[in-house]
There are 2 protein chains.
Amino acid sequence: MARAASTKGRTRIQREKTEQILDAALEVFSTYGFRGSTIDQIATEAGLSKPNILYYFDGKEAIHGVLLDRLLHKWLEPLNQLTDSDDPTREICDYVMRKLEMARDFPRESRLFANEILQGAPRIHDQLTGSLKTLTDEKATLIQHWIDKGKIAPVDPHHLIFSIWSTTQHYADFDVQVQSVLGDKSEQRFEIAADHLNKMFRAVLKK
Amino acid sequence: MARAASTKGRTRIQREKTEQILDAALEVFSTYGFRGSTIDQIATEAGLSKPNILYYFDGKEAIHGVLLDRLLHKWLEPLNQLTDSDDPTREICDYVMRKLEMARDFPRESRLFANEILQGAPRIHDQLTGSLKTLTDEKATLIQHWIDKGKIAPVDPHHLIFSIWSTTQHYADFDVQVQSVLGDKSEQRFEIAADHLNKMFRAVLKK
DNA sequence: TCTGTTTCTGACCATATGGTCAAGACTATG
DNA sequence: CATAGTCTTGACCATATGGTCAGAAACAGA
């Protein structure tokens, strides 16, 4: 087994190189998808030789696997922060903003996820029906409570969450399209998107 | 040059086989992306031999190219139908429904498009900044007119369109995730989505 | 049925790709 | 500064993949 996989970054070099490789791999995988990426591409991007990459990781799948693991944790975080509050509309809009910030600051992670889902989620199907479903159901129940208490307008909680995911992730996954369509006005796309989404979800939730 | 490319389906066999190949290719490309797909996969899916595929098409790129061409036309159609009307809210919601129907009835096309955009749209970048931008700008202007006339609430037209694209296409591109999260309730996902999106965009546009 | 054309395929080629390995280079520590 | 352990790489292998080609099989019209 490769060093890095077993001993989690024992030496300084191991920690550095491992991160270097993972960063390069994220760049490549998020752009070309798993099958479309080659170890050589990752090696070039990382400024290392191919055998050197394979000294730290057991293979292409192993690198991809580590990236997906990290991703899923990061992905659930913003939703985790959604809790009960006196101002549910604000609580939900805050979540929208957190997701939009992630699309802006971590577009590669978003695209890695999108690629995986598009291909039928072969490697993360269990997490989708497991931890993701559990967490989503939990938050959907919370939203339903708010509706029952008359604090927000009646909406299907699950589909509201889907709308939040899709509208925010769109600015990462479809960035090329967004920029192409906006042309020279694409500079402030995230500010305008924030304003627009804020308005939109407030309107939906308003009684 | 391959037969099918030059003479547009002259004989019966040419028309049939060409369609057969394109259908198989759509299935494969939409699932694995361009680089992740092989001619052998397409051949197997189509029930033909690899050389036979290459008898009808000049290569992998050529097949993909034809699919993208057809796709783009189909993709712009629903937006094209958005025209001036006494009831702009209804007009926009109708567009949302048309897009949602496309996500339901042509998920492979949606995923093919998503794959292409995700990878930076190397093959359709010109169309994005060309015909897509032109059409989108045109419809954005129309929406702005409606706003100026006070017929709908003020929204950023471009970002409204992005929201429509993302929320509807989500049900095709992220179907695995949607089904995983909804679990046994995923059967009626499109009906509930239609209801939800209808409500949502009505709320956004309401003055 | 004959014949020119279209359709199809097994065998083949060049290159790309994931992965291995032995040996050399480097590094930390006594 | 010696040396045990860590790190790196050129050369190599097996397989996958895009694509070619000569000739066989099927077909359509006379």
Side-chain angles (χ1 to χ4, degrees), chain A residues 1-29 31-68 119 122-123, chain B residues 1-29 31-68 119 122-123:
Chain A
M1 184 181 283
R3 301 297 177 286
S6 54
T7 65
K8 210 185 177 191
R10 280 244 292 260
T11 74
R12 173 185 55 87
I13 292 180
Q14 273 172 32
R15 259 169 314 202
E16 284 177 8
K17 290 290 161 73
T18 301
E19 286 313 308
Q20 201 174 328
I21 292 167
L22 285 173
D23 189 72
L26 178 58
E27 186 71 32
V28 175
F29 281 138
T31 307
Y32 302 104
F34 180 73
R35 291 209 46 190
S37 304
T38 70
I39 303 183
D40 273 309
Q41 276 177 289
I42 296 170
T44 303
E45 181 76 30
L48 299 171
S49 69
K50 185 168 68 167
N52 204 179
I53 300 281
L54 293 166
Y55 170 73
Y56 288 102
F57 289 91
D58 275 336
K60 198 178 156 183
E61 293 240 25
I63 306 177
H64 197 246
V66 173
L67 286 176
L68 282 183
Q119 324 220 328
R123 297 156 225 277
Chain B
M1 183 181 283
R3 302 297 177 286
S6 53
T7 65
K8 210 184 177 194
R10 279 245 293 261
T11 73
R12 175 187 55 88
I13 291 180
Q14 274 173 31
R15 259 168 315 198
E16 285 177 8
K17 291 290 161 72
T18 301
E19 286 312 308
Q20 201 174 330
I21 293 167
L22 285 173
D23 189 72
L26 177 58
E27 186 71 31
V28 176
F29 281 138
T31 306
Y32 302 103
F34 180 73
R35 290 208 47 190
S37 304
T38 71
I39 303 183
D40 272 309
Q41 277 177 290
I42 297 170
T44 303
E45 181 76 28
L48 300 171
S49 69
K50 183 169 69 166
N52 204 7
I53 300 281
L54 293 166
Y55 169 75
Y56 288 102
F57 289 91
D58 276 334
K60 199 177 156 183
E61 293 239 26
I63 305 176
H64 196 246
V66 173
L67 286 176
L68 282 183
Q119 324 220 329
R123 297 155 225 278

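Order of the sequence lines sets the chain letters (A, B, ...), proteins ahead of strands, with each chain counted from 1. Quantities reported herein were computed from a predicted structural model and do not represent experimental measurements.
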**OP:** Using a strict cut-off of less than 4.0 Å between a Lys/Arg side-chain nitrogen and an Asp/Glu carboxylate oxygen, indicate whether B:Arg12 and B:Glu16 qualify as a salt bridge.
**Re:** yes
Original post:
What string of B, S and - do you get for nucleotides 24-30 of chain D 5' to 3' if you count protein non-hydrogen atoms under 4.0 Å?
Top reply: ----S--
Distances under 3.5 Å only, N/O to N/O: pair up the protein atoms with those of nucleotides 17-20 of chain D.
unit_1: D:dT17; atom_1: OP1; unit_2: A:Arg35; atom_2: NH2; d: 2.8
unit_1: D:dG18; atom_1: OP1; unit_2: B:Ser37; atom_2: O; d: 3.2
unit_1: D:dG18; atom_1: OP1; unit_2: B:Lys60; atom_2: NZ; d: 3.0
unit_1: D:dG18; atom_1: OP2; unit_2: B:Ile39; atom_2: N; d: 2.9
unit_1: D:dG18; atom_1: N7; unit_2: B:Lys50; atom_2: NZ; d: 3.0
unit_1: D:dG19; atom_1: OP2; unit_2: B:Lys60; atom_2: N; d: 3.0
unit_1: D:dG19; atom_1: N7; unit_2: B:Lys50; atom_2: NZ; d: 3.4
unit_1: D:dG19; atom_1: O6; unit_2: B:Lys50; atom_2: NZ; d: 3.3

Just N and O in the side chain of [X]: are any of them under 4.0 Å from OP1 or OP2 of [N]?
{"X": "B:Tyr55", "N": "C:dT7", "result": "yes"}
{"X": "A:Gln14", "N": "D:dT6", "result": "no"}
{"X": "A:Lys17", "N": "D:dT6", "result": "no"}

Grab the [atom1]-[atom2] distance between [X] and [N] for me, whole Å please.
{"X": "A:Ile21", "N": "D:dC7", "atom1": "CD1", "atom2": "P", "value": "11 Å"}
{"X": "A:Asn52", "N": "C:dC26", "atom1": "CG", "atom2": "C1'", "value": "12 Å"}
{"X": "A:Leu48", "N": "D:dT9", "atom1": "CG", "atom2": "P", "value": "7 Å"}

**OP:** Name all pairs fulfilling the salt bridge (charged side-chain N to carboxylate O under 4.0 Å, His left out) condition that reach into residues 32-49 of chain A, sequence neighbours left out, sorted by first residue then second.
**Re:** A:Asp40-A:Lys50
**OP:** Supply the atom-to-atom distance B:Ile42 CD1 to B:Leu22 CG, rounded to the nearest 0.5 angstrom.
**Re:** 9.5 Å
Subject >> Pairwise distance CZ(B:Phe34) to CD(B:Gln119) - rounded to 0.5 angstrom >> reply: 10.0 Å
**OP:** Spell out, as yes or no, whether a donor-acceptor pair under 3.5 Å connects the side chain of B:Lys17 to the backbone of B:Asn52.
**Re:** no
**OP:** Flag the pair A:Ile63 / A:Tyr56 as yes when at least one side-chain heavy-atom distance between them is below 4.5 Å, and no otherwise.
**Re:** no
